[in-house]
Protein chains: 2
Amino acid sequence: MPDKLDDVARLAGVSAATVSRALRGVRGVAEGTRARVLAAAAELGYAVSPAASSLATGRTGTVGVIVPYVDRWYFSRIISGVERVLREAGISLLLYNLGDDAGRARFFAEFPLRRRVDAVLVLSLPLSEAERAQLLSLGAPLVTVGTEEPGADSVGIDDHGAAVTAMRHLVQLGHREIGFIGETAPVPLGFTTPLRRLAAYREVYHAVCREDGRAPEAGFETGGGFTVSGGEQAMGTLLGLPRRPSAVFAASDEMAFGALRALRRAGLRVPHDVSVLGFDDHDLAGLLELSTVAQPVAELGEHAGRLLLARLSDGKILTSPAILRTRLVLRGSTAPPTTR
Amino acid sequence: MPDKLDDVARLAGVSAATVSRALRGVRGVAEGTRARVLAAAAELGYAVSPAASSLATGRTGTVGVIVPYVDRWYFSRIISGVERVLREAGISLLLYNLGDDAGRARFFAEFPLRRRVDAVLVLSLPLSEAERAQLLSLGAPLVTVGTEEPGADSVGIDDHGAAVTAMRHLVQLGHREIGFIGETAPVPLGFTTPLRRLAAYREVYHAVCREDGRAPEAGFETGGGFTVSGGEQAMGTLLGLPRRPSAVFAASDEMAFGALRALRRAGLRVPHDVSVLGFDDHDLAGLLELSTVAQPVAELGEHAGRLLLARLSDGKILTSPAILRTRLVLRGSTAPPTTR
DNA sequence: ATGAAAGCGCTAACAT
DNA sequence: ATGTTAGCGCTTTCAT
């Protein structure tokens, strides 16, 4: 344990300050000296104490990542992307999983980030005024993915545009009765993504109804909680309606999976009886032949990582949000409606 | 920023030492004093500097979690479980994602854990002698899930037993020609779990062959890389065999999903033409009506978290590995073979 | 029960 | 280019 800086200094025959400089690659150290220091450090198996270094510099070499649910495909993918680029830069990642509103409250009450991180990454979580202030009060760069916050850099996709494209695909196939599976207020943790997709759904579906000169079916908007079972239930509700949609747009692939199951159980065929369109391009979407909107999840994470690194070095320059491209992936779950 | 301990001390009218004691709940502080200190700290919005505290005590309030792939269902689930119990105890989680052999090598070369963590958790990764020594040299408790290492506490399941149970289920249904989709050496990152399941497969399948007085089909053992597409390919290989298995045991649900797809594409029905049995009880197994071996993944994580906490307080007492229960979940993908 | 003082191991001026 | 000297903000003897 007592592998202190001074031991290295003694072995290399220089002062502690020089060792510190040499080890950090700071300019102003003769080549020969640096080599000797490095050799001595290696021989002693020496590594600086992050705590001491952090106390002296104020930097921690760590970024905090705040995530709603680590174990959801989308988030774990992003984390993986972020971690990759951060670790290449020698930065460690402190993970905070919120889980639910209670967890979120506890997190902001205890606020374990104070002085622990050099920067913070927030995933898909719209911040309250107070939370944002608290985060910003750390004096550390803040970056978000999936949301935009004043004072933070962000990466995301054009949720609205992508959802509109998805809906239009359904309309172009000839569907006029389109159901939606997503989230109906109140949305857990205050997510806004579901709302943006719902807005896009309405925009397109209502326009279709207007053309046809009839009122939109209010019952076509269902909540699936972004889970498979929730999607299954929602589809069940849709199927129970007097006028049944010929197509369904689910705001996540997981809910779409649930919808597929409900359909299968009801003895209905996809896409013959009902078309289903998802969102995400989940790993298993191909398996289930689900047509969906693909978003570059890993890239979102990597980009966020790069943003973090940039802010960490060149101070905090706020840029406009980076918008990554999505694309419609057509598989076997969408087709023109059958005339009945 | 300059919310130092001394400010609180001044406001409370006591010394810094007393503030430190009061804040940590150390005994030996008068009730009234403690109350005043707490009030002062609250008023100032004070929180201790982890770096300073860590430098003084040697403790970091952090545990390092080493995981092969964060974005695989199984691992993200475990992480979620660990995080939950750790954060309740006020411990933060430093995440290290290995990814592949190169990442693993880099990790152990740089070894970013030194002095950063109070304990280490390793998921499913069999350690080399050197790696284990390196980890143990941290002088911090080590716990593992899914593997056993000398000097470490561990949680896991009875992989072999569970796989044997799974295989026997197939045999009891009447299957004599059973294929395996798993991993064939060399296994990425040196995982041993696939090997244990393979061994169980052989044990049962070979016994069946012996009874029937014939040699086991060597071609029945295929590698699916623990991914959907790998499982799909493996099933394709199996289907190309002269003598085709009537049932398949996949060492993970994801590979089983791939097998289901290959079967569907080949125009074969499950379980009518081929039975498929998975392992894990993945979130989507129910969706696909996959029979499988359920293992309590979240609980594995929570148990690991508790083990970590225990070691952190009562010093390191090594216990025998905790084995959590698995159970066979029968859904629609397994049935007696059809006589052809 | 409380305070004074000496570090914990490093980095950052300031000298030289 | 290198060394000296102060801290960074806390915890922990040791006194009182």
Tell me yes or no: between the side chains of Y96(B) and S92(A), is some donor less than 3.5 Å from an acceptor?
-> yes
Between dA1(D) (P) and E31(A) (CD): distance, integer Å | 11 Å
Gap between atoms CG and C1', on L5(B) and dA5(C) respectively (whole Å) = 15 Å
Starting from P on dC10(C), measure out to CG on L23(A) and report it in whole angstrom.
-> 9 Å
Integer-rounded Å distance: dT2(D) C1' and R36(A) CZ | 11 Å
Find every protein N or O atom lying less than 3.5 Å from an N or O atom of nucleotides 12-15 of chain D, and list the pairs.
from, atom 1, to, atom 2, distance (Å)
dT12(D), OP2, R24(B), NH1, 2.8

Nearest-angstrom distance from the residue atom CG of D6(B) to P of dG7(D) | 14 Å
Determine the contact category for S54(B): base if any of its heavy atoms lies under 4.0 Å from a base atom, sugar-phosphate if only primed atoms, P, OP1 or OP2 are that close, otherwise nothing.
-> nothing
Validation row: S154(B), E149(B) side chains within 4.5 angstrom (heavy atoms) | no
Nearest-Å distance, CG (L55(A)) to P (dG7(D))?
-> 14 Å
Short N-O contact, D7(A) and R10(A), less than 4.0 angstrom | yes
Which nucleotide, dT2(D), dC10(C), dT2(C), lies nearest any side-chain atom of Y46(A)?
-> dC10(C)
Output a table of donor-acceptor pairs, distance under 3.5 Å, between side-chain atoms of residues 29-36 of chain B and any protein atom two or more places apart or on a different chain; print 'none' if there are none.
from, atom 1, to, atom 2, distance (Å)
R34(B), NH1, A22(B), O, 3.2
R36(B), NH1, A12(B), O, 2.8

Between S15(B) and V19(A), just flag the one whose closest nucleotide in DNA chain C comes earlier from the 5' side.
-> S15(B)
Is there side-chain contact between R84(B) and R87(B), with heavy atoms separated by less than 4.5 Å?
-> no
K4(B) NZ to dC8(D) C1': how many Å, rounded?
-> 8 Å
Measuring from L93(B):CG to L94(A):CG, what's the distance to the nearest 0.5 Å?
-> 7.5 Å
Rounded interatomic separation in angstrom, taking CZ from R115(A) and P from dC10(D) = 6 Å
Inter-residue atom distance L312(B).CG - R306(B).CZ, 0.5 Å rounding = 15.0 Å
Of the candidates dG3(D), dT11(D), dC10(C), the side chain of S53(B) sits closest to dT11(D)
Angle, rounded to 10°, between the helical axes spanning five pairs at each terminus of the helix from dA1(C)-dT16(D) to dT16(C)-dA1(D)?
-> 30°
Residue pair R72(B) / S76(B), side-chain donor-acceptor N/O under 3.5 Å | no
Considering only NZ, NE, NH1 and NH2 on the basic side and carboxylate oxygens on the acidic side, decide whether R59(A) and D118(A) come within less than 4.0 Å.
-> no
Could you work out which one of dA1(C), dG9(C), dC10(D) sits closest to the side chain of A52(A)?
-> dG9(C)
